[in-house]
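What follows is one structure encoded as structure tokens, with my remarks underneath.
Treat the numbers as computed from the prediction; the structure is a model and nothing was measured.
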2 protein chains.
Amino acid sequence: MSVTISDVALAAGVSKGAVSHALNGNAGVSESTRARILQVASDLGWKPNLRAKALSTSKAFAVGLVVARDPRLLGTDPFFPAFIAGVESTLVENDFVLVLTSAMGQDKEEQSYRKLARDGRVDGVILTDVRVRDPRIALMQELGLAAVTLNRPEGVSSFPAVCMDDTEGIAGATRHLIALGHERIAHVGGTQSYIHGCSRRRAWEGAMVRGGLKTDLFVEADFTAAAGAAATADLLRRRDRPTAIVFANDLMAIAGLSFAQSQGIAVPADLSITGYDNTELASFLNPPLTTISTDPVLWGRVAAQVLLDQLNGVRGGDIVLPEPQLVLGGSTGPAPSMDFANSPD
Amino acid sequence: MSVTISDVALAAGVSKGAVSHALNGNAGVSESTRARILQVASDLGWKPNLRAKALSTSKAFAVGLVVARDPRLLGTDPFFPAFIAGVESTLVENDFVLVLTSAMGQDKEEQSYRKLARDGRVDGVILTDVRVRDPRIALMQELGLAAVTLNRPEGVSSFPAVCMDDTEGIAGATRHLIALGHERIAHVGGTQSYIHGCSRRRAWEGAMVRGGLKTDLFVEADFTAAAGAAATADLLRRRDRPTAIVFANDLMAIAGLSFAQSQGIAVPADLSITGYDNTELASFLNPPLTTISTDPVLWGRVAAQVLLDQLNGVRGGDIVLPEPQLVLGGSTGPAPSMDFANSPD
DNA sequence: CTGAATCACTAAACCGGTTTCGTAGGTTCA
DNA sequence: TGAACCTACGAAACCGGTTTAGTGATTCAG
């Protein structure tokens with residue numbers, strides 16, 4: 001069928017071993033024969049059989065990504081597809097491939113990793129949606145898989161992290177609102193067991209405290225539109241209702257924006273809103289969303305690179321990517337007068 | 001390291017070959033020894049080494065999916081993540097795995113498939129975003145890969161298709177609008193070189209013709225929010241501007257909805273809008289979107305199953321999934337009076 | 001001039017399975 | 001009783017690479 005290493009050896013008049021050494025740049029072949037072997041190999045159009053290589057070297061030449069989210073929720077998150085595209089762009093240059101697994105539930109997730117490891121499907125994994133005390137860190141060590149985490153988990157982790165600090169973005173959005181005269185600025189947070197849910201809340205808290213404002217207007221949601229709308233309803237029902245809301249992602253912000261408008265609350269006249277992600281949709285809303293622009297493609301590209309480096313024995317420290325930037329839209333404006341804000345009806 | 005087939009053979013006092021036959025249910029081993037071998041294997045906790053199996057059987061135990069879309073666009077499409085979750089749910093039950101590749105541009109796409117095939121990374125592929133005359137059909141045949149297509153391409157295809165007919169959904173939405181008294185119903189279509197872009201336009205045309213209405217209010221867009229907004233702007237600028245717009249997906253519909261509102265056009269009072277996909281976000285908009293509910297998870301599950309059947313030599317005909325259903329929201333309402341609709345300012 | 005070290009390469013083991021081929025032992029039938 | 005035929009299994013080839021051990025020729029030091 002296809003041309004094998006034996007064919008090359010035969011044609012070049014050398015042994016299989018010599019061909020292997022020649023092509024892997026190992027010592028043990030003279031420059032002249034190496035050149036001849038390379039010539040013959042390219043003439044014959046030989047490409048090493050990846051499966052044979054995988055068996056003899058005990059490598060997979062693949063990295064894994066286990067997505068543990070509700071598929072319905074997943075569909076609305078702009079992060080993953082873009083992130084994966086970034087990962088892929090690095091992998092393809094290194095003749096690696098991405099094995100994607102989706103797993104729902106704690107058990108299923110662990111099983112997925114175990115199966116990937118046991119079957120030797122991957123050499124390493126990318127850990128996304130990192131949780132505050134993430135059990136996967138220990139699991140990867142047990143399984144002997146290489147790994148990278150997106151941002152640094154709170155506990156001890158021996159794996160490199162690729163960090164895109166959301167603190168400055170959220171703090172910037174909060175300061176932006178404070179500068180506009182807002183005082184009652186709420187935060188609708190994401191799932192707090194995720195480190196990015198947690199860090200965004202803390203960033204908001206920090207900026208509020210620094211601005212001399214209270215941090216009692218917090219609602220924990222879970223990054224979904226449904227939760228975003230519910231949290232907004234909750235906040236707007238309050239006696240001391242906020243004049244601005246910092247949402248932990250665009251999806252919740254859009255749901256919140258729509259909910260407010262459905263209640264006759266004008267954005268940004270009565271209520272200012274900020275999101276996080278800078279979804280394509282954000283700039284086409286009415287009003288366009290003030291949000292924070294991340295770069296998931298870059299994140300994916302770098303995460304994959306760090307993982308590959310690790311597989312090559314190169315072990316650097318954490319990498320910190322450029323901070324996401326605030327993108328001003330029309331959903332934020334000057335704080336309404338107190339009286340007006342508290343008596344909407 | 002790990003326990004191999006030789007260990008089992010040794011422990012059971014038989015040869016490697018006997019163990020292999022016993023575990024694959026082949027003839028050539030007596031029932032008694034088969035039972036003994038199975039017992040020993042399970043005692044030793046033996047699991048066949050997938051890489052060795054892959055080499056000797058020339059199989060990959062994996063299927064591929066090449067996504068050829070702009071990553072930024074991808075992020076906003078709810079289809080893929082849910083579809084992939086469905087695919088995965090079938091694969092995991094069969095000890096298969098999904099290899100995901102993202103490729104931008106015609107050349108890159110073809111290269112991706114060639115590389116997957118050459119490296120023996122996958123046994124078959126799932127073809128999504130099928131184009132009207134899709135060159136990938138011939139390519140897969142050339143490469144000797146199994147395949148399934150989502151919906152049936154127009155040209156000849158020897159591969160099974162898993163179909164979810166969008167005709168009835170779009171036609172239903174159009175009829176719904178006609179029943180509400182609309183006469184100038186526009187369609188903002190998706191990329192027409194995709195069969196689903198094309199079929200949705202035809203479904204709209206068919207329903208319009210059957211309703212005795214003209215089909216001149218058509219704008220081709222490309223499924224993005226930007227294009228949806230631009231197409232809406234185009235339509236609303238017209239002298240004979242529509243009183244309703246059928247969008248080919250939710251993303252464009254949401255952008256169109258927002259654009260109309262930003263122009264002071266009330267939805268649904270002045271303009272009715274329908275989408276397609278039933279994104280989570282759709283029901284949390286203001287007004288909630290009338291849209292069409294598809295089941296991408298089911299689609300993925302079935303597509304993967306059909307592909308696996310094919311790999312097992314079982315070759316059935318096309319499978320037709322239940323038709324997507326119209327979901328009524330608040331974005332559609334009775335047609336405004338003619339005079340009002342034509343003199344908005 | 002000789003023993004040791006180096007070089008360039010071959011032969012063969014190895015990774016862990018599958019599959020073909022050969023054969024010992026028992027059964028069937030003429 | 002012997003030829004023909006199964007059955008049940010072992011031995012070994014095979015998939016296509018990598019890696020180690022070994023060998024003959026050359027180089028070098030003493």
Side-chain angles (χ1 to χ4, degrees), chain A residues 1-41 44-62 95 117-121 123 144 311-312, chain B residues 1-41 44-62 95 117-121 123 144 311-312:
Chain A
M1 185 77 175
S2 181
V3 37
T4 75
I5 199 173
S6 299
D7 299 330
V8 176
L10 197 65
V14 294
S15 68
K16 281 171 58 177
V19 177
S20 177
H21 288 142
L23 277 117
N24 292 322
N26 292 347
V29 258
S30 69
E31 265 319 310
S32 60
T33 45
R34 179 191 306 276
R36 182 162 45 91
I37 291 174
L38 291 177
Q39 182 61 48
V40 171
L44 266 54
W46 177 71
K47 297 284 174 194
N49 178 310
L50 199 69
R51 291 203 270 250
K53 200 165 184 167
L55 177 60
S56 58
T57 62
S58 300
K59 289 186 209 154
F61 305 100
D95 293 324
R118 186 171 57 65
D119 287 347
R121 293 319 274 250
D123 301 311
L311 291 174
N312 289 327
Chain B
M1 186 79 178
S2 181
V3 37
T4 75
I5 198 172
S6 299
D7 299 330
V8 177
L10 197 65
V14 293
S15 68
K16 280 171 59 177
V19 177
S20 177
H21 287 141
L23 277 117
N24 293 321
N26 292 346
V29 255
S30 69
E31 265 318 311
S32 60
T33 45
R34 179 191 307 275
R36 182 161 46 92
I37 291 174
L38 291 177
Q39 182 61 50
V40 171
L44 266 55
W46 177 70
K47 297 284 174 193
N49 179 310
L50 199 69
R51 291 203 271 250
K53 199 165 184 167
L55 176 61
S56 58
T57 61
S58 300
K59 289 185 209 157
F61 304 100
D95 292 324
R118 186 171 59 64
D119 287 346
R121 293 315 270 258
D123 301 311
L311 291 174
N312 289 329

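Here B:Ser20 reaches the OP1 or OP2 of C:dT18: one of its side-chain N or O atoms lies under 4.0 Å away. A sub-4.0 Å separation between OP1 or OP2 of D:dA8 and a side-chain N or O of B:Thr33 is absent. Proximity of A:Ser15 to the phosphate of C:dT10: a side-chain N or O atom is located under 4.0 Å from OP1 or OP2. OP1 or OP2 of D:dG17 lies within a sub-4.0 Å distance of a side-chain N or O belonging to A:Trp46. In terms of phosphate contacts, A:Thr57 brings no side-chain nitrogen or oxygen within less than 4.0 Å of OP1 or OP2 of D:dG17. Distances shown here put every side-chain N or O of B:Asn49 at or beyond 4.0 Å from the OP1 or OP2 atom of C:dC15.
A:Arg36 has its CZ atom 12 Å from the C1' atom of C:dA8, to the nearest Å. The nearest whole Å value for the distance from the CG atom in B:Leu55 to the C1' atom in D:dC15 is 4 Å. Taking atom CZ on B:Arg118 and atom P on D:dG17, their separation rounds to 12 Å, with Å as the unit. At whole-Å resolution of the value, CZ in B:Phe61 and P in D:dC15 are 18 Å apart. The distance from atom CG of A:Asp119 to atom P of C:dG16 is 14 Å, rounded to the nearest whole Å. Distance CZ (B:Arg34) to C1' (D:dC9): 13 Å, rounded to an integer number of Å. Spacing between atom CG of B:Leu10 and atom P of C:dG16 amounts to 15 Å, rounded to whole angstrom units.
With B:Lys16 as the fixed residue, the side chain to side chain contact (heavy atoms under 4.5 Å, CB included) test singles out one of B:Val8, B:Leu10, B:Thr4, B:Ile5: B:Ile5.
The backbone N or O of B:Ala52 lies less than 3.5 Å from a partner atom in the side chain of B:Ser56, making a donor-acceptor pair. Side-chain N or O atoms of A:Arg121 include none that pairs as donor or acceptor with a backbone N or O of A:Ala60 at under 3.5 Å. Under a 3.5 Å cut-off, the side chain of B:Asp119 and the backbone N or O of A:Leu50 do not form any donor-acceptor pair. A donor-acceptor pair is defined here as one N or O able to donate and one able to accept, closer than 3.5 Å; no such pair exists between the side chain of B:Thr33 and the backbone of B:Val29. Side-chain N or O atoms of B:Asp123 include one that pairs as donor or acceptor with a backbone N or O of B:Phe61 at under 3.5 Å. Remark: side-chain polar atoms of A:Arg36 are not paired, donor with acceptor, to backbone N or O of A:Glu31 under 3.5 angstrom. A donor-acceptor pair is defined here as one N or O able to donate and one able to accept, closer than 3.5 Å; such a pair exists between the side chain of B:Asn24 and the backbone of B:Ser20. In terms of modelled atom types and a separation under 3.5 Å, the side chain of B:Arg51 and the main chain of A:Gly120 share a donor-acceptor contact.
Comparing the local axis fitted to the first five base pairs of the helix from C:dC1-D:dG30 to C:dA30-D:dT1 with the one fitted to its last five gives a bend of 60°, rounded to 10°.
Both A:Arg51 and A:Asn26 lie close to DNA chain D; mapped to their nearest nucleotides by heavy-atom distance, the more 5′-ward contact belongs to A:Arg51. In terms of position along DNA chain D, the nucleotide closest to B:Glu31 lies nearer the 5' end than the nucleotide closest to the other residue of the pair B:Glu31 and A:Ser6.
Under 3.5 Å, the side chain of B:Lys53 and the base of C:dG16 form no donor-acceptor pair of N or O atoms. A donor and an acceptor atom never sit less than 3.5 Å apart when one is taken from the side chain of B:Lys16 and the other from the base of D:dG10.
Closest to the A:Ile5 side chain, of the nucleotides D:dT18, C:dC15, C:dC9, is D:dT18. Comparing C:dT10, D:dG17, C:dC9 by their nearest atom to the side chain of A:Ala18 picks out C:dT10.
Heavy-atom minimum distance, B:Trp46 versus B:Val3: CD1-O, 2.9 Å. Here the shortest heavy-atom pairing between B:Ala12 and B:Val40 reads CB-CG2, 4.0 Å.
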The contact string for nucleotides 21-28 of chain D, one letter per nucleotide 5' to 3', using protein heavy atoms under 4.0 Å with B, S and - for base, sugar-phosphate only and none, comes out as --------

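Using a 4.0 Å heavy-atom cutoff across all strands shown, B:Val19 reaches no nucleic acid atom at all. B:Gly13 comes within 4.0 angstrom of the backbone, heavy atoms only, and of no base. When heavy atoms are screened at a 4.0 angstrom cut-off, B:Lys59 is found touching no nucleic acid atom at all.
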